[in-house]
Structures are given as C-alpha cells and as structure tokens.
2 protein chains.
Amino acid sequence: MAFINENYLKLRGSYLFSEIAKRVNNFKNENPNAKIIRLGIGDVTRPLVPAVIEAMHKAVDEMAKEDTFRGYGPEQGYSFLIRKIIENDYAPRGIEIGEDEIFVSDGAKSDTGNIQEIFGLDNIIAVTDPVYPVYVDSNVMAGRTGEYSEHGYFEKITYLPCSAENNFIPELPKEKVDIIYLCFPNNPTGMTLSKEELKKWVDYAKKNRAVILFDSAYEAFIREKDVPHSIYEIEGADEVAIEFRSFSKTAGFTGTRCAYTVVPKKVVAYTKNGEAHQLNSLWNRRQTTKFNGVPYIIQQAAAAVYSPEGQKQIKETIDYYMDNAKIIKQGLEDVGLTVFGGVNAPYIWLKTPKGVSSWEFFDMMLKEINVVGTPGSGFGPNGEGYFRLTAFGSRENTIEAVERFKNLKL
Amino acid sequence: MAFINENYLKLRGSYLFSEIAKRVNNFKNENPNAKIIRLGIGDVTRPLVPAVIEAMHKAVDEMAKEDTFRGYGPEQGYSFLIRKIIENDYAPRGIEIGEDEIFVSDGAKSDTGNIQEIFGLDNIIAVTDPVYPVYVDSNVMAGRTGEYSEHGYFEKITYLPCSAENNFIPELPKEKVDIIYLCFPNNPTGMTLSKEELKKWVDYAKKNRAVILFDSAYEAFIREKDVPHSIYEIEGADEVAIEFRSFSKTAGFTGTRCAYTVVPKKVVAYTKNGEAHQLNSLWNRRQTTKFNGVPYIIQQAAAAVYSPEGQKQIKETIDYYMDNAKIIKQGLEDVGLTVFGGVNAPYIWLKTPKGVSSWEFFDMMLKEINVVGTPGSGFGPNGEGYFRLTAFGSRENTIEAVERFKNLKL
C-alpha cells in the first residue's frame with residue numbers, strides 16, 4: 001500500500017491569493033463596470049528589453065542548424081553565462097566567486113524551495129515574520145516542522161518578528177538556530193539591512209556554525225549606498241552563506257525563468273559525528289540528479305542582460321518601476337498613511353490606519369477605490385495591520401491608483 | 001550547528017560517465033589522430049524542426065511588446081499546451097485526461113526525481129535492474145533506502161532483474177512493494193512490455209494499493225502494434241498510475257527543456273490511518289510551492305510540436321534515428337553479436353561476446369575501432385555483460401561505426 005508524505009497535510013491552503021481572487025471576482029460580478037487596478041501581485045509588466053530579444057532570436061536560429069544545435073548542457077549552467085555573472089555581479093564589488101560555485105536554475109523559487117533537501121531533518125530553521133511563504137512551506141513538506149498552531153505559526157520554526165517597532169530589522173534569536181533564511185531587500189516589506197546589521201547575522205552564523213540562506217532577488221532595486229547587494233560584501237560570509245539571485249525582477253524574466261544560486265566551497269554543514277561537508281558538492285549532487293539545466297535559449301537571454309546595451313536597457317526598466325514606487329509612496333503619504341519600503345525595493349508596505357486589519361483594508365481599497373493589493377497578514381502574523389502594494393504596474397495605472405487614494409475614507 | 005542530509009553520503013559517485021570520460025581522454029592523449037565516434041550518451045543531434053523554430057521566434061516577439069508580454073504563467077503549464085497534449089497524445093487512443101491532470105515541467109528527469117517527495121518515507125520502492133539511475137538516487141537522497149551493498153544494491157529497494165533470460169520482462173515481486181518505477185520502452189535496454197504484460201502490473205497495483213510511476217519518455221519510437229504508448233491504455237491504470245512524458249527525445253528538446261506528467265485524480269495513496277488522498281492535489285501543491293512553470297517561449301515551442309507541420313517534421317527526425325537504430329542493429333548482428341532493443345526504442349542493448357565484461361567491451365570498442373558506448377553494468381548489476389549504443393548520432397557517424405564493427409576482434 002502506497003503511503004503519502006503526511007507532512008503535506010500540515011500545510012495551510014493557498015488561502016491568500018485564492019481569497020484575493022474570490023473577493024475581486026465577487027466585486028466584479030456586483031460592479032461589472034468598475035475599472036480595477038491591480039497592484040497586488042509581484043509580477044512585472046514591462047516587456048523584455050531589446051538586447052534580450054535579439055539574443056533569443058539568435059539562439060533560436062542556432063537551434064535550427066545541425067552544427068550549432070545544443071542538446072543537454074551542463075546541469076549547472078553554461079560557462080558563458082556563469083562567467084558574465086561573476087564579472088558583473090561579483091567582481092566589481094571585490095567578491096571572488098569561482099565558476100563552480102554558481103548554479104544556474106529556472107528560478108529562485110525553485111532554489112529556495114529545494115535547498116533545504118541537502119540539510120538534515122532536525123535542523124532548527126529561522127525565518128522572519130512576515131516572510132515569503134516558500135521558505136516555510138518547503139520545510140513543512142520535508143518534515144522539519146511540527147504542526148500549525150492557531151496563532152499562525154508552525155511548531156519548531158523560530159520566527160523573527162519584523163515590524164515598525166524594530167524598523168523591520170530582525171533581532172538575533174535567543175535560542176540556537178541552525179539555518180537562517182534572510183531576504184533583503186525584503187519581500188514583502190521592501191525594507192533593507194545595512195552592512196552593519198547583516199554583519200551581526202554573519203557573525204552569529206560563524207559563531208554557531210549555522211548557515212544563512214540569503215535571498216537577494218531584489219538587489220537590483222537598491223538605491224542607497226550602505227545597503228549591501230550581496231551578503232558576500234560582509235567579511236566571512238563566504239564561509240556561512242548561500243546566496244540566491246534571480247533575473248525575474250531584475251530583467252523581467254518572471255515568464256522567461258532564469259536565476260542562480262551561489263554556494264561557496266567554504267560553506268560547510270556537519271554530520272551528527274561532527275564531520276564537515278561542503279554544501280557545494282551536496283547541492284551539485286542534488287542538481288545533477290534532479291535537474292537538467294536551463295534551456296540554452298534562456299541562458300543566452302540571461303547572458304544578454306550583461307551586455308552594455310542590456311545593462312543600460314534593464315536599468316531603464318528598473319528606473320521605471322522605482323519611479324512607480326516613488327509615486328505610490330508619495331501618494332500614500334499625501335493622504336496621511338504611514339509607508340515603509342519603496343526606496344530600495346519595488347514593494348511598498350503600508351501601515352493600515354486606525355487599527356484596521358489587513359483584510360478590512362483590502363476590502364476598503366477594493367470597494368472604495370477599486371485598487372487591489374495584498375493583505376500583509378497573508379505573509380505571517382506580524383504582517384497583520386500592514387498591506388503590500390507593488391511598483392510593477394504600468395505608469396498610467398500607478399498614477400491613476402494614486403489619484404484614487406484621495407478618495408479613500410480613512 | 002547546521003547538519004547535512006546524511007542520506008547523500010550513501011550515494012555512489014557518478015562513476016559511470018566520469019569513468020567513460022576519463023578512459024576516452026586517456027585514449028585521445030595517446031592517440032591524438034584517432035577519429036572517435038560517440039554512440040554512448042543519450043543526447044539527440046538533429047536540430048529543432050522548422051515548426052518549433054517558427055513558434056519560438058513568434059513567442060520571442062510577443063515577449064518584446066507590452067500588450068503581448070507574459071509574466072508568471074500557471075505553474076502547471078498553459079492551457080494552450082495542455083489542451084494540445086490531451087488532443088494529440090491521449091484522446092486518439094480513447095484515453096480521457098482532464099486539463100487539471102496534466103503538469104507541464106522542465107523535464108522528465110526533474111519530475112521522476114521529484115515525484116517521490118509526495119510519498120512517505122517508509123514506502124518500499126521497486127525498480128528494474130538495469131535502471132535509469134535517477135529513480136534510485138532520488139529515493140536514496142530522501143532516506144527511503146538503506147546503505148549501498150557491495151553487490152551493487154541499496155538495502156530496502158526491491159530490484160526486478162531484467163536480462164536476456166526473461167526477455168527483459170520484469171517479474172512481479174514476491175514481497176509486497178508500494179511504489180513501482182517502470183520505464184517502457186526501456187532505457188537502457190530498448191525493450192518493451194506488451195499490453196498483456198503491462199496489465200499484470202496494473203492488476204498488481206490495484207490489488208496491493210500500490211502506485212506505478214510509468215516513464216514513457218520513449219513512446220514516440222514505438223513501431224510495433226501491440227506495444228502500449230501510454231499506461232492508460234490498460235483498463236484501471238488511471239486509478240494506480242502516474243505517467244511521465246518528455247519532448248526531449250520526441251522533438252529534440254534535450255537542450256530546450258519541456259516535459260509533462262499525468263496525475264489522474266483517481267490515483268490515491270494513504271495515510272497511516274488508511275485515509276486516501278489524491279496524489280493529484282499533493283503534486284499540485286509540490287509544483288506550486290517549489291516550481292514556477294516552464295518559460296512561455298518553450299511552452300509555445302512544445303505546442304508547435306503538435307501542429308500538422310510539427311507532427312510531420314518530428315516524425316521525420318524520429319524516422320531518421322530509428323533508421324540509425326536499424327543500421328546499428330543489423331551491423332552488430334552481421335558480425336555475430338546478440339542484440340536487443342532498437343526496434344521500438346532508440347537504444348541498442350547488446351550482449352557482450354564470450355563472457356567479456358561491460359567495461360572490457362568498452363575498452364575493446366574504444367581501442368580497436370574508436371567507438372564509444374556505455375557499459376551496461378553502469379545501470380545496475382544485471383546490466384553486467386551488456387553494452388548500450390544509441391541511435392541519436394548522425395547518419396554518417398552511424399554508418400562509419402557499423403563499418404568499423406567488422407574490425408572488432410570478437
């Protein structure tokens with residue numbers, strides 16, 4: 001008799017986005033003429049840049065001819081892309097990364113979801129609250145947590161509260177933890193850690209032989225100087241941290257699918273007997289066994305992001321979104337709301353007024369001004385009383401949404 | 001202190017292909033002028049067909065414009081592709097599959113590697129011997145097996161021997177098993193199961209509430225009539241079987257990456273309390289949590305495989321490879337070797353002469369005629385004394401390899 005993995009039964013349903021869809025659909029049925037603006041989902045809207053389009057056409061043509069056709073590539077990604085990643089994303093910051101320390105993949109969601117496989121089941125993991133749900137759910141599925149409690153937490157996970165009270169800077173845990181997920185610039189809050197703050201975590205990991213899983217999918221949106229783009233800007237981080245990067249938001253690849261993960265060879269974890277093992281070789285084994293690489297065409301698209309034209313073009317797109325972020329932030333402040341994020345990230349995290357709950361605010365926004373956002377409580381109990389808007393819409397919709405903020409009955 | 005997943009330490013190194021590479025390189029260093037022909041690796045060589053190329057150019061152009069740009073798609077795949085899969089691969093055989101029973105992915109390797117996650121750790125799995133290594137290794141990594149024994153087997157796995165003695169038809173296991181991996185047409189043997197034989201497995205699974213994981217990545221190469229293309233041709237299989245398909249060999253997508261998995265809603269597995277759960281919803285949860293879908297461009301490429309031109313064009317490519325298979329089979333038989341496979345599959349599985357071991361035969365082929373193949377023992381202990389050649393080379397190389405067979409000192 002085949003048995004299921006019962007850990008899956010501990011998971012919460014995907015209530016957040018299905019509940020959003022349900023409420024929006026109900027509203028549309030009752031108000032068929034309402035022009036709804038969606039600033040909820042974290043998906044991009046600007047087309048791929050010309051340098052990427054050109055590179056893909058070229059790569060497609062290569063696949064049409066016998067002498068330039070590509071079959072299986074290296075599971076870890078082609079050298080032509082890995083070298084560009086090193087030259088552009090790391091070398092200019094004085095960070096040395098070897099070619100065999102980078103693993104190209106189909107997405108940071110896949111990698112942040114799969115990375116836990118190389119760790120034992122009795123590690124204690126720590127996540128911020130609010131948090132990107134994949135970090136938690138992938139560990140629940142693997143059996144690294146206990147049950148879900150009515151307070152909104154899974155047993156055996158250490159949650160690190162982030163709210164206006166601590167300026168969204170998580171405190172070091174009081175109990176010992178083994179694996180720490182950090183995402184900065186943060187989804188959903190849009191807030192960052194300074195080098196000094198990030199150093200505390202690196203030092204904690206070194207002292208406790210913990211591993212940091214650092215998601216820097218939003219680093220391209222950083223505008224302020226002291227904000228680290230890579231955790232490897234912190235001395236010693238290459239002994240304790242794995243870093244996740246993505247082309248999704250940086251270059252509009254949400255529907256094109258390319259990302260990469262850096263696993264320095266110095267990063268180790270231990271057997272129960274205290275024997276150190278390189279996580280690089282474990283991840284290499286995971287990827288070569290269960291993954292077959294990213295399409296050649298897509299890797300050429302990603303490589304084109306690093307050409308001089310590509311860099312100039314994606315900068316324009318990022319500027320476009322960050323101008324949206326400014327417009328939203330200013331608009332919300334003008335109507336008297338307290339707003340976080342939006343300076344070094346495409347996410348705006350607002351405090352709901354007068355103790356209104358996240359979902360109440362969702363309904364207000366939908367009904368009063370026909371704007372859809374994401375209730376902060378969907379990202380964890382400490383997101384209650386907050387609301388996420390994204391800067392990924394069109395300029396026209398963004399400006400109109402801001403105009404409508406004035407009609408909110410706050 | 002972070003702990004590793006110690007199950008990874010049970011894995012065998014990727015000795016097979018690295019050992020092949022090592023021996024080939026040594027030979028090349030000593031014989032720099034030798035013209036080596038590689039018929040070892042299972043990678044295709046024919047370019048993508050024109051219908052696919054055209055569809056990709058069109059999709060690339062869509063990604064360049066704001067109004068046709070695609071961001072995140074459904075994790076399960078776009079309807080336009082799923083509908084074509086149903087209409088072409090299943091409906092004509094009288095098989096009813098729902099749109100929400102198909103999950104498009106980046107490869108059958110990913111899916112056959114990841115599928116075990118939705119099952120509990122104390123299922124007993126059964127695999128054929130020889131076998132595609134991913135089925136075994138992914139279960140070792142998860143902790144579903146014991147240690148590797150010097151006989152070439154992992155403890156707790158049930159191995160089903162397949163050799164010339166049983167015409168490569170596995171027998172039903174004597175002990176009870178819970179999850180059965182079957183791949184037919186088979187990699188590496190190139191042999192098939194008749195409907196009658198496959199029915200025995202479906203009946204076994206129904207009787208024992210087991211689940212069959214059926215890999216039919218090579219179905220497009222079937223030429224004989226009684227050979228089932230899909231396990232769902234067997235009555236009742238939609239209650240016990242998950243089927244894996246791939247565009248890799250069918251349409252030359254090894255470097256383009258697209259596949260799909262069918263999980264009928266009737267297929268269930270159980271909690272320890274005997275509660276039945278649909279595997280469809282567990283797999284859906286797995287994919288939506290840890291995967292973000294296949295690139296839009298690639299899904300359009302896959303959809304183009306099903307256009308009338310696409311079907312005609314891929315048939316020509318498949319015919320090309322199957323003509324290679326015939327040439328190799330005939331050539332080997334002409335020099336007196338016993339040959340299996342190559343009729344309904346692109347793999348030729350030959351019996352080494354006079355009790356020569358798989359690796360000894362590898363060295364003979366390399367040194368005497370400069371042809372590289374894959375030692376059968378690399379796929380499991382029952383592969384010892386066999387050798388795999390593939391039909392995926394160019395016609396020119398295939399013909400030349402066959403000419404060289406005559407010079408083998410058998």
Side-chain angles (χ1 to χ4, degrees), chain A residues 1-6 8 11 14 43-48 53 56-57 60 63-66 69-73 106-107 109-110 113-114 117-120 122-123 134 137-138 141 178-179 208-211 254-257 269-272 277 282 285 288-292 295-298, chain B residues 1-6 8 11 14 43-48 53 56-57 60 63-66 69-73 106-107 109-110 113-114 117-120 122-123 134 137-138 141 178-179 208-211 254-257 269-272 277 282 285 288-292 295-298:
Chain A
M1 183 156 100
F3 297 109
I4 63 161
N5 174 353
E6 295 195 27
Y8 274 61
L11 291 166
S14 301
D43 197 5
V44 299
T45 54
R46 306 295 300 159
L48 294 180
I53 294 294
M56 284 202 286
H57 278 308
V60 168
M63 297 297 278
K65 288 177 219 112
E66 192 175 346
F69 172 78
R70 304 282 182 130
Y72 291 121
D106 64 315
K109 183 181 176 187
S110 307
N114 292 330
E117 288 181 30
I118 64 173
F119 294 99
D122 41 11
N123 288 285
V134 169
D137 289 354
S138 57
M141 289 164 157
D178 308 307
I179 298 169
N208 293 285
R209 296 199 276 182
V211 170
T254 53
T256 303
R257 315 297 321 137
Y270 299 86
T271 62
K272 289 287 170 188
H277 285 266
L282 295 183
R285 186 64 201 242
T288 52
T289 302
K290 300 195 198 175
F291 182 61
N292 236 333
Y296 172 70
I297 294 159
I298 305 298
Chain B
M1 183 156 101
F3 297 109
I4 64 161
N5 175 353
E6 295 195 27
Y8 274 60
L11 290 165
S14 301
D43 197 5
V44 299
T45 54
R46 306 296 301 158
L48 294 180
I53 294 294
M56 284 203 286
H57 278 306
V60 169
M63 296 297 278
K65 289 179 217 112
E66 191 174 347
F69 173 78
R70 305 281 182 131
Y72 290 121
D106 63 317
K109 182 180 177 188
S110 306
N114 292 329
E117 288 181 28
I118 65 174
F119 294 99
D122 41 13
N123 288 286
V134 169
D137 289 355
S138 57
M141 288 164 157
D178 308 307
I179 298 170
N208 294 285
R209 297 199 275 182
V211 170
T254 53
T256 304
R257 314 298 320 138
Y270 299 85
T271 63
K272 288 287 169 189
H277 285 266
L282 295 184
R285 187 63 200 243
T288 52
T289 301
K290 299 196 199 173
F291 183 60
N292 236 332
Y296 171 71
I297 294 159
I298 304 299

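Note on naming: letters A, B, ... go to the chains in the order of the sequence lines (proteins, then strands), and numbering restarts at 1 for each one. Atom set for the values below is all heavy atoms of this structure, side chains included, hydrogens, waters and symmetry mates excluded.
With a threshold of 4.5 angstrom between heavy atoms, A:Asp43 approaches chain B through its backbone and through its side chain. Both the backbone and the side chain of A:Arg46 come within contact range of chain B, with heavy atoms under 4.5 Å apart. If you measure heavy-atom distances from A:Ile298 to chain B, the contacts under 4.5 Å come from the side chain alone. With a threshold of 4.5 angstrom between heavy atoms, B:Phe69 approaches chain A through side-chain atoms but not through N, CA, C or O. Within the 4.5 angstrom heavy-atom criterion, atoms from both the backbone and the side chain of A:Tyr296 approach chain B. Only the side chain of A:Met141 comes within contact range of chain B, with at least one heavy atom under 4.5 Å from a heavy atom of that chain.
Interatomic distance, CZ of A:Arg70 versus CG of B:Leu48, reported as 12.5 Å (0.5 Å rounding). Atoms CD and CG, from B:Glu117 and A:Asn5 in turn, are 8.5 Å apart once rounded to the nearest 0.5 Å. Summarising the geometry, atom OG1 belonging to B:Thr271 is positioned 6.0 Å from atom CD1 belonging to A:Ile4; distances are rounded to the nearest 0.5 Å. From B:Asp106, atom CG reaches atom CG of A:Asn292 across 8.0 Å, with rounding to the nearest 0.5 Å. Rounded to the nearest 0.5 angstrom, A:Arg209 CZ and B:Phe3 CZ are separated by 8.5 Å.
Between B:Ile179 and A:Ala2, the shortest heavy-atom contact is CG1-CB, 4.4 Å. Smallest separation of non-hydrogen atoms from B:Thr289 and A:Lys109: O-CE, 3.2 Å.
Remark: B:Thr45 pairs with no residue by the side chain to side chain donor-acceptor pair (under 3.5 Å) rule, at least two apart or across chains. Judged as a ring-ring contact (aromatic ring centres under 6.0 Å, His included), and not counting sequence neighbours, the contacts of B:His57 are A:His57.
Each of A:Met56, A:Met1, A:Lys290 has some count of heavy-atom pairs under 4.5 Å with chain B, and the biggest count is that of A:Met1. Contact tally against chain B (heavy-atom pairs below 4.5 Å) for A:Asp178, A:Asn114, A:Asp137: the top residue is A:Asp178. When the candidates A:Phe119, A:Tyr72, A:Phe291 are compared by the number of heavy-atom contacts under 4.5 Å with chain B, A:Tyr72 comes out ahead. Heavy-atom pairs under 4.5 Å with chain A were tallied for B:Ala64, B:Gly71, B:Ser110; the largest tally goes to B:Gly71. The greatest number of non-hydrogen atom pairs below 4.5 Å with chain A, out of B:Ile297, B:Ile118, B:Thr256, is found for B:Ile118. When each of B:Asn208, B:Thr288, B:Val134, B:Leu282 is scored by its heavy-atom pairs under 4.5 Å with chain A, the top score falls to B:Leu282. Of the listed residues (B:Gly113, B:Gly120, B:Gly73), the one with the most heavy-atom contacts under 4.5 Å to chain A is B:Gly120.
Looking at A:Pro47 and B:Glu66, their side chains come closer than 4.5 Å, going by heavy atoms from C-beta outward.
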